[in-house]
Each structure stands twice: as C-alpha cells, then as structure tokens.
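Quick notes on the structure that follows.
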Amino acid sequence: MRTVTSVTALILSVTCLSLPAWAAEVIAGSVKTAQGGAVVRRGTQTIPASEGMHLLVNDILQTSADGRLGAILQDGTGIGLGPNTELKIDSFLYEPADGKFGLLLRLARGVMAYFSGRIAHLAPGSVTVETPVGVIGLRGTQMAVTIEGA
Amino acid sequence: MNFIRYLRNGTLSLLLLSAACAPKRVAAPPPAPQPLKQNVFVLLPERDAAPSSIVVTNRAGTRDLTQPYQAVRVERADVAPGTPFTMDQPEVRRLFGTAIDALPKPEVQFVLHFDGDSDALNAESAALIPAILNAIRERHSTAITVTGHTDATATHDYNYQLGLRRARTVEATLLRQGVSQTDLFVSSHGDADQLVKTPPNTANAQNRRVEVIVR
C-alpha cells in the first residue's frame with residue numbers, strides 16, 4: 001500500500017512538473033535571426049520572435065509565408081526554418097555532467113535545415129526529428145527536410 | 001490503406017484493395033485522389049567531412065541516407081519511403097535554400113587555463129577575454145556557457161567548488177565588460193570531465209580550465 005501511495009505521489013509530482021505553470025523554465029536555446037512573420041507559441045501566448053530571445057522546451061516556432069527563423073540550441077544544434085513552417089521543441093535534455101542527453105523536434109509542416117550539436121555527438125541515437133510522414137534519426141549530421149503534408 | 005501504391009501495382013492489387021475494404025464502411029465514398037505531397041529529406045555534407053547519416057523511418061519502412069545530397073521522398077506515413085536518389089545542388093537550393101540560409105553560425109569555444117589550485121585568471125587566459133567578447137558581439141549572443149573544470153589533485157567536492165570559483169571568475173570578468181547576467185550559463189564539472197584522463201591525485205595543466213562556449 002505504501003508503494004502504491006508513493007507511486008501515486010510520484011505520478012502526481014511528475015504530472016505537476018509537466019505543467020508549464022509549474023515547470024522550472026529550461027532554456028533550450030535562443031533565436032539568432034527572425035525575418036518577416038516569425039513567432040514563438042508558448043502555452044497560450046504568441047510572442048513575436050526576436051533576435052536573442054531565449055527558447056524553452058515545448059515552444060513552437062512558427063513562420064508565415066514571408067517568415068524565416070534561425071535558432072541555436074544550448075548544445076550547439078543549429079536550426080533554420082523557411083516559410084510556412086511549424087516546429088516544436090518537444091524535448092531537450094543536455095546535462096553532460098550527469099550523462100543525460102536527448103532531443104526531440106516535431107516538424108508539423110514547412111521546411112527546416114539542421115546541423116547537429118553536442119547531443120548528437122555525445123549520444124548518437126538520442127536525436128529525433130518527427131514529421132507527419134516519418135521519423136528521422138540523426139547521427140552527426142547536416143540535413144534538410146520539407147513537409148507539405150501527410 | 002496503401003492506396004497509391006496499390007494503384008501503381010496494377011489490377012491484382014486493386015482487387016485485393018477492394019476485397020479488403022468491402023466489409024468496412026460500405027456507405028463511405030471512396031477517398032478523393034489527392035495530389036502527391038512534397039515531403040523530401042536530404043542529407044547535406046558535413047562541414048568537417050565527418051561521416052554522417054540519417055535514417056528515415058515510418059510504419060511502412062525505413063531508409064538510410066549515408067551520402068551527401070542523398071535524398072528520399074515520403075508520400076505518406078503509411079507508404080514506405082521511396083528509393084534514395086542523389087539530388088542535384090540547384091534542386092537542393094530550390095527546395096531548402098530558405099531554411100539553409102536561416103541556419104545560425106556554429107558555436108565557438110574558448111579554453112582558459114588556470115594555475116594549480118587557483119581561481120584567478122593568469123595572463124594567458126586574460127589575453128583570451130577580448131576574443132570572447134568579440135565572438136559574443138559578432139553573434140549577438142544571448143547564450144554563453146561558462147563551465148569550470150579542475151585536475152584531480154583534491155577531493156571531488158573540493159574540485160567541484162574550485163571549478164565553480166574558476167567559472168565565477170570568468171563570469172565576473174564578462175559581466176564587467178557589459179555581458180548580461182541573463183545570457184550567462186555558469187556551472188562546474190569539477191574533475192569529472194577531464195580533457196586528459198589521469199589517475200586520482202594527479203596534477204594536469206590541460207585539465208585546469210574554464211570552457212566558454214559562445215552561441
């Protein structure tokens with residue numbers, strides 16, 4: 001019974017931590033360039049993307065028809081977005097002191113270019129880009145992808 | 001259902017498709033044929049020509065791209081990725097140029113060495129500060145990581161604190177030069193992340209350092 005209680009407590013605490021209002025803000029990266037229509041959706045907020053702005057886990061980067069956005073993550077991963085693009089920083093884990101690494105990006109639509117950072121170099125196989133038509137696993141890589149739809 | 005591929009495979013496949021679909025959703029109209037979506041993945045050359053690869057996987061199959069400019073099209077999540085092909089560079093520019101041009105500059109790293117059991121900048125390390133400030137300005141950087149390290153001449157706890165003091169020295173120097181506190185990410189790895197692997201209780205000048213990464 002005690003086990004059940006502690007497991008429940010654990011689930012509750014994990015659930016609370018996953019809510020944006022409770023989560024410690026993990027800075028995942030920063031915007032390097034923003035042109036035209038480029039915004040960051042954070043929870044219910046929509047913030048115009050601006051040079052130098054810090055990015056958090058769960059942020060959604062979005063460009064319109066004339067939009068471009070460049071960002072660098074805290075492990076050195078580079079991201080370039082063309083027009084009409086939507087990319088979510090779904091998870092970002094970079095704790096070299098504890099040997100914890102992981103990166104999951106979700107490209108809903110549009111065009112993205114990418115170069116890998118330290119996560120991909122230190123923990124090959126821990127970087128994933130999800131798209132509506134398939135998942136990309138990356139190893140020390142520069143690549144690009146365009147997604148019109150599934 | 002794998003509609004497009006079945007169409008391409010001809011009559012037998014079409015028959016199988018209709019047989020498989022018949023028992024379900026009799027009233028539903030057949031889905032309208034849709035134009036093919038442009039979903040393309042391409043591997044780009046590495047800056048340092050290091051070997052690299054991507055693996056594109058969905059429910060129906062998987063493809064490895066291992067050569068620069070190798071590309072693959074994927075029509076839908078339930079249709080296996082197509083046969084990889086080499087994309088010519090004008091086509092890469094046409095499809096991906098906007099995103100490639102938006103890529104940021106790569107990060108740049110500086111290593112500042114320290115004297116034994118010291119958290120003070122020595123002359124050699126102090127001489128690197130202008131280059132660090134230049135990199136910050138050039139990149140308009142708002143993400144500067146400052147990580148302290150030590151050699152293995154003391155306890156882990158002591159080394160953690162020494163590494164932190166070294167990192168704080170560099171942080172204070174950058175703050176005095178106008179770098180914003182919110183843009184500095186300071187930590188210590190103590191003796192856990194040695195550049196040169198040594199046994200315990202070994203002095204090593206290469207390991208006594210602060211790494212500054214400007215993004």
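The figures that follow rest on heavy atoms only: side chains count, while hydrogens, waters and symmetry mates do not. Letters A, B, ... mirror the listed sequences (proteins, then strands); counts begin at 1.
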Tell me, side chain or backbone of [X] under 4.5 Å from chain A's heavy atoms, or both, or neither?
X      : answer
B:I213 : side chain
B:R139 : both
B:P81  : neither

Greatest number of heavy atom pairs closer than 4.5 Å to chain B - which of [options]:
options                     : answer
A:R68, A:M112, A:M53, A:Q35 : A:R68
A:G76, A:A34, A:G29         : A:G76
A:T33, A:V129, A:L73, A:D75 : A:D75

When the 4.5 angstrom heavy-atom criterion is applied to A:A71 and chain B, the contacting part is backbone
If one checks every heavy atom of A:I147 against chain B at 4.5 Å, the contacting part turns out to be both
Is there a side-chain contact between A:T131 and B:F41 in this structure, where contact means two heavy atoms from C-beta onward sitting under 4.5 Å apart? yes
I'd like to know if the side chain of [X] reaches the main chain of [Y], judged simply by a donor and an acceptor atom lying under 3.5 Å from each other, with no hydrogens or angles considered.
X      : Y      : answer
A:K32  : B:R215 : yes
B:Q38  : A:E148 : no
B:H189 : A:P96  : no
B:N39  : A:V133 : no

Measure the [atom1]-[atom2] distance between [X] and [Y] for me, rounded to the nearest 0.5 Å.
X      : Y      : atom1 : atom2 : result
B:F185 : A:I27  : CZ    : CD1   : 4.0 Å
B:I54  : A:T141 : CD1   : OG1   : 7.0 Å
B:L65  : A:I136 : CG    : CD1   : 9.0 Å
B:S53  : A:M143 : OG    : CE    : 12.0 Å
B:Q109 : A:R118 : CD    : CZ    : 5.0 Å

Counting heavy-atom pairs under 4.5 angstrom with chain A, the leader among B:T57, B:T147, B:L43 is B:T57
Checking side-chain contact (heavy atoms from CB on, under 4.5 Å) for the pair B:T98/A:V111: CA distance, chi angles, key distance, verdict?
CA-CA 8 Å; B:T98 55; A:V111 54; 3.7 Å; yes
